[in-house]
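Report on one structure; see the data block that follows.
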Amino acid sequence: MRFDVLTLFPEIFPGYMSQSILNKSIQNGIVEIHIHNMRDWTTDKHNKIDDRPFGGGPGMILAVEPVVRCVRDVRAMDDDPGVVMMMTPSGQRLCQPLVEDFATHHRRMILLCGRYEGFDQRVIDILKPIEVSIGDYILNGGEVAAMVMIDSLVRMVPGVLGDELSSWDDSFSRGNRMLEYPQYTRPREFEGHNVPEVLLGGNHSAIEKWRLQESLERTKIRRSDLLPEPNNESATAETPNTKSET
Ligand code: SAM
């Protein structure tokens with residue numbers, strides 16, 4: 001999977017990219033991340049990329065010309081032109097099924113990170129990006145949103161996670177679309193709090209049953225919106241054996 005991130009603040013990314021699972025995947029060649037400074041596509045001597053909004057109002061707007069030129073050049077840097085995605089509060093809200101859908105259908109994603117008051121509308125009209133929001137709140141810029149996209153998407157790439165099954169089992173994921181069950185590790189007892197007996201017995205079907213029940217209970221209490229409507233047969237989750245092609 002290849003990401004091209006278009007930003008005005010490329011310095012934000014190296015720390016994030018140099019750690020943990022992501023770093024390992026980059027080293028192994030499973031994931032590529034290329035960071036581009038949109039300012040490099042300006043033509044004036046001050047590298048000015050923003051301007052005041054027509055009609056007045058606060059803040060500055062990212063200008064259409066350098067942004068469109070930058071996207072076109074970056075798309076041409078690989079045989080696969082990829083899909084352009086704009087980080088914006090006006091976009092469709094990111095959720096796990098959408099992450100899975102993006103990971104299934106796109107090998108290369110070009111992520112546009114806004115700043116200030118965002119992009120000139122003509123960037124959207126001309127490039128027709130997929131507009132993505134990471135939630136109903138306002139960030140200072142699209143960089144954190146792009147990192148959220150990358151972080152969630154790389155987990156879907158075969159070879160990135162030590163255990164492929166964990167991306168099925170996680171909360172919201174393909175396995176059951178519910179919240180995850182409680183997890184425990186050693187010691188068996190801490191300050192009077194014991195690990196549930198069923199997890200210690202080695203009876204795998206009993207453990208599976210307990211986990212499913214706990215998942216269901218937790219989801220009912222905290223996120224009943226995730227549960228399928230009664231009688232909605234199409235809402236059943238996939239299992240690793242029935243998973244669609246990726
Ligand atoms: N004036 C814009 C509005 O009201 O929609 C907000 C601009 S925001 C201060 C600057 C940039 O941060 C946006 O262009 C976008 O790239 C990014 N951003 C802010 N909130 C976001 C969110 N919830 N999801 C994705 N990107 C976001």
Side-chain angles (χ1 to χ4, degrees), residues 1-17 22 31 33-42 46-75 81-106 108-156 171-173 223 225-226:
M1 188 172 281
R2 170 173 172 152
F3 299 95
D4 289 85
V5 182
L6 278 49
T7 171
L8 294 180
F9 295 93
E11 302 81 6
I12 290 175
F13 289 89
Y16 162 62
M17 287 162 57
L22 184 58
V31 172
I33 303 180
H34 302 266
I35 309 292
H36 311 273
N37 189 342
M38 289 186 283
R39 224 178 267 286
D40 294 343
W41 276 265
T42 54
H46 300 294
N47 299 118
K48 192 170 156 53
I49 197 161
D50 56 331
D51 213 332
R52 287 193 300 275
F54 279 124
M60 302 294 270
I61 308 297
L62 292 170
V64 59
E65 201 193 337
V67 174
V68 167
R69 221 186 1 248
C70 172
V71 170
R72 286 179 179 154
D73 283 354
V74 168
R75 292 194 89 173
V83 64
V84 181
M85 296 187 173
M86 177 183 282
M87 306 297 105
T88 165
S90 301
Q92 54 186 317
R93 205 177 316 154
L94 195 65
C95 58
Q96 190 62 25
L98 193 57
V99 167
E100 291 164 11
D101 183 69
F102 287 160
T104 305
H105 294 106
H106 306 298
R108 182 182 184 210
M109 283 162 261
I110 293 155
L111 306 180
L112 266 173
C113 304
R115 278 273 156 177
Y116 319 125
E117 290 302 320
F119 293 94
D120 185 308
Q121 177 59 32
R122 290 164 294 181
V123 173
I124 298 159
D125 298 342
I126 294 167
L127 298 174
K128 302 189 174 35
I130 298 176
E131 297 174 66
V132 182
S133 163
I134 63 161
D136 293 352
Y137 41 79
I138 299 297
L139 307 166
N140 289 325
E143 290 75 14
V144 170
M147 288 191 225
V148 168
M149 288 276 290
I150 294 169
D151 224 65
S152 54
L153 276 155
V154 294
R155 297 175 60 78
M156 301 292 114
S171 299
F172 314 118
S173 297
R223 289 294 306 274
D225 59 298
L226 294 174

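Just follow the structure's listing: the first ligand is 1, and inside any ligand the first atom is 1.
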Looking at [atom], what's its closest protein heavy atom, distance included?
{"atom": "atom 8 (S) of ligand 1", "result": "L139 O, 3.3 Å"}
{"atom": "atom 4 (O) of ligand 1", "result": "I138 CD1, 4.4 Å"}
{"atom": "atom 25 (C) of ligand 1", "result": "T88 N, 3.5 Å"}
{"atom": "atom 2 (C) of ligand 1", "result": "E117 O, 3.7 Å"}
{"atom": "atom 22 (C) of ligand 1", "result": "Y137 O, 3.9 Å"}
{"atom": "atom 16 (O) of ligand 1", "result": "M87 O, 2.6 Å"}
{"atom": "atom 24 (N) of ligand 1", "result": "I134 N, 3.1 Å"}

Which atoms of ligand 1 have any heavy atom of [X] under 4.0 Å away?
{"X": "G118", "value": "14 (O)"}
{"X": "A145", "value": "25 (C), 26 (N)"}
{"X": "V132", "value": "25 (C)"}
{"X": "G142", "value": "12 (O), 16 (O), 17 (C)"}
{"X": "Y116", "value": "7 (C), 8 (S), 9 (C), 10 (C)"}

Could you tell me whether the side chain of [X] and the main chain of [Y] form a donor-acceptor pair under 3.5 Å?
{"X": "S173", "Y": "S171", "answer": "yes"}
{"X": "H106", "Y": "F102", "answer": "no"}
{"X": "R39", "Y": "F9", "answer": "no"}

Residues passing the side-chain contact (heavy atoms from CB on, under 4.5 Å) test with I61, sequence neighbours excluded, are P53, E117, D120
Of the backbone atoms (N, CA, C, O) and the side-chain heavy atoms from C-beta on, which set of N140 has a member under 4.0 Å from an atom of ligand 1: side chain, backbone, both, or neither? backbone
[X] versus [Y]: any side-chain heavy-atom pair under 4.5 Å?
{"X": "H36", "Y": "T7", "result": "no"}
{"X": "R2", "Y": "M109", "result": "no"}
{"X": "V67", "Y": "L112", "result": "yes"}
{"X": "P129", "Y": "M85", "result": "no"}

Any N or O of G114 that comes nearer than 3.5 Å to an N or O of ligand 1?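 For ligand 1, there is an N or O atom that lies under 3.5 Å from one belonging to G114.
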Ignoring angles and geometry beyond distance, decide whether G135 reaches within less than 3.5 Å of ligand 1 through its nitrogen or oxygen atoms. yes
Any P89 heavy atom less than 4.0 Å from ligand 1: yes
Using distance only, find each side-chain donor-acceptor pair of residues 144-153 under 3.5 Å and give its atom names and separation, not counting sequence neighbours.
{"residue": "D151", "atom": "OD1", "partner": "Y16", "partner atom": "OH", "Å": "2.8"}
{"residue": "S152", "atom": "OG", "partner": "V148", "partner atom": "O", "Å": "2.9"}
{"residue": "S152", "atom": "OG", "partner": "M149", "partner atom": "O", "Å": "3.1"}

Around atom CZ of R93, are there more than 12 heavy atoms of other residues, nucleotides or ligands at under 6.0 Å? no
